[in-house]
Amino acid sequence: MREIAGRVLIDAAREAAALAHAPYSGFGVGAAVLIGDGKIVTGTNFENASYGLSLCAETVALATANSQGHLRNVVAIGVVGGTLARDGSLSGSALITPCGRCRQIINEASQLGGRDIDIYCGSADGEDFAHFRASELLPHAFGPADLGIK
Ligand code: THU
């Protein structure tokens, strides 16, 4: 079951990455968030000319899930990143895991939903795959509960 969910999310993330706006780094990232009702919400990295103000795919996908009323019902997230070609295809064999800022944002959904979110990281070439829980990637997290937010 976990394997199937991971595969579906990674495929959706790879498909989403085709629309990444990443002309500065040339590195496309796609993220796919699984909601409790089976819906999938995707996002891509969204760069801009300032470089430093760029948004990561996981952040975009989770903010979109929130804007659709799903922040407390996130079950899992899949992430894929690699070199982005002009035709939208991704290449590369390395797994990427969410950056530090994205881990904090995943933790927000994890704690508010009362679930240790599953995180599936896939390589762009489809050869490699890893599974983590939110608490593994951000142990001893500071979160909403520390500020009395439920
Ligand atoms: N990036 C993501 O979208 N997610 C991550 O977890 C790591 C990095 C993006 C940011 C930037 O647009 C590009 O990848 C290269 O760092």
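When reading the values below, keep in mind they use all heavy atoms of this one structure, side chains included, and skip hydrogens, waters and symmetry mates. Remember, it's 1-based here, ligands and their atoms both numbered in the order they're listed.
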among protein heavy atoms, the one nearest atom 8 (C) of ligand 1 is Cys56 SG, 4.0 Å
Check whether any side-chain heavy atom of Val74 sits under 4.5 Å from a side-chain heavy atom of Ser110, and report yes or no.
no
To check your reading of the model: name the closest protein heavy atom to atom 9 (C) of ligand 1, its residue, and the distance in Å.
Asn45 ND2, 3.7 Å
Close N or O approach (Cys99, ligand 1; < 3.5 Å):
yes
N or O pair under 3.5 Å between Pro98 and ligand 1
no
Pick one: which of Val41, Val75, Asn73 meets side chain to side chain contact (heavy atoms under 4.5 Å, CB included) with Leu34?
Val75
For atom 3 (O) of ligand 1, closest protein heavy-atom neighbour
Ala57 N, 2.9 Å
Verify the cluster assignment for Val79 and Ile106: are they in a single hydrophobic cluster under the rule of side-chain heavy atoms below 4.5 Å apart?
yes
Nearest protein heavy atom to atom 12 (O) of ligand 1: under 4.0 Å?
yes
For atom 6 (O) of ligand 1, closest protein heavy-atom neighbour:
Glu58 OE2, 2.7 Å
Less than 4.5 Å apart, any side-chain heavy atom of Phe142 and any of Leu147?
yes
When only distance counts, is Glu47 in polar contact with ligand 1, meaning an N/O pair under 3.5 Å?
yes
Taking 4.0 angstrom as the limit and counting only heavy atoms of Ser25, give me the atoms of ligand 1 inside it, by number and element.
13 (C), 15 (C)
CD1 (Ile105) and CG (Leu71) are apart, to the nearest 0.5 Å, by 10.5 Å
Quick one: closest heavy-atom pair of His131 and Tyr120, and the distance?
CD2-CE2, 3.4 Å
Non-hydrogen side-chain atoms of Ile149 and Leu112 separated by less than 4.5 Å:
yes
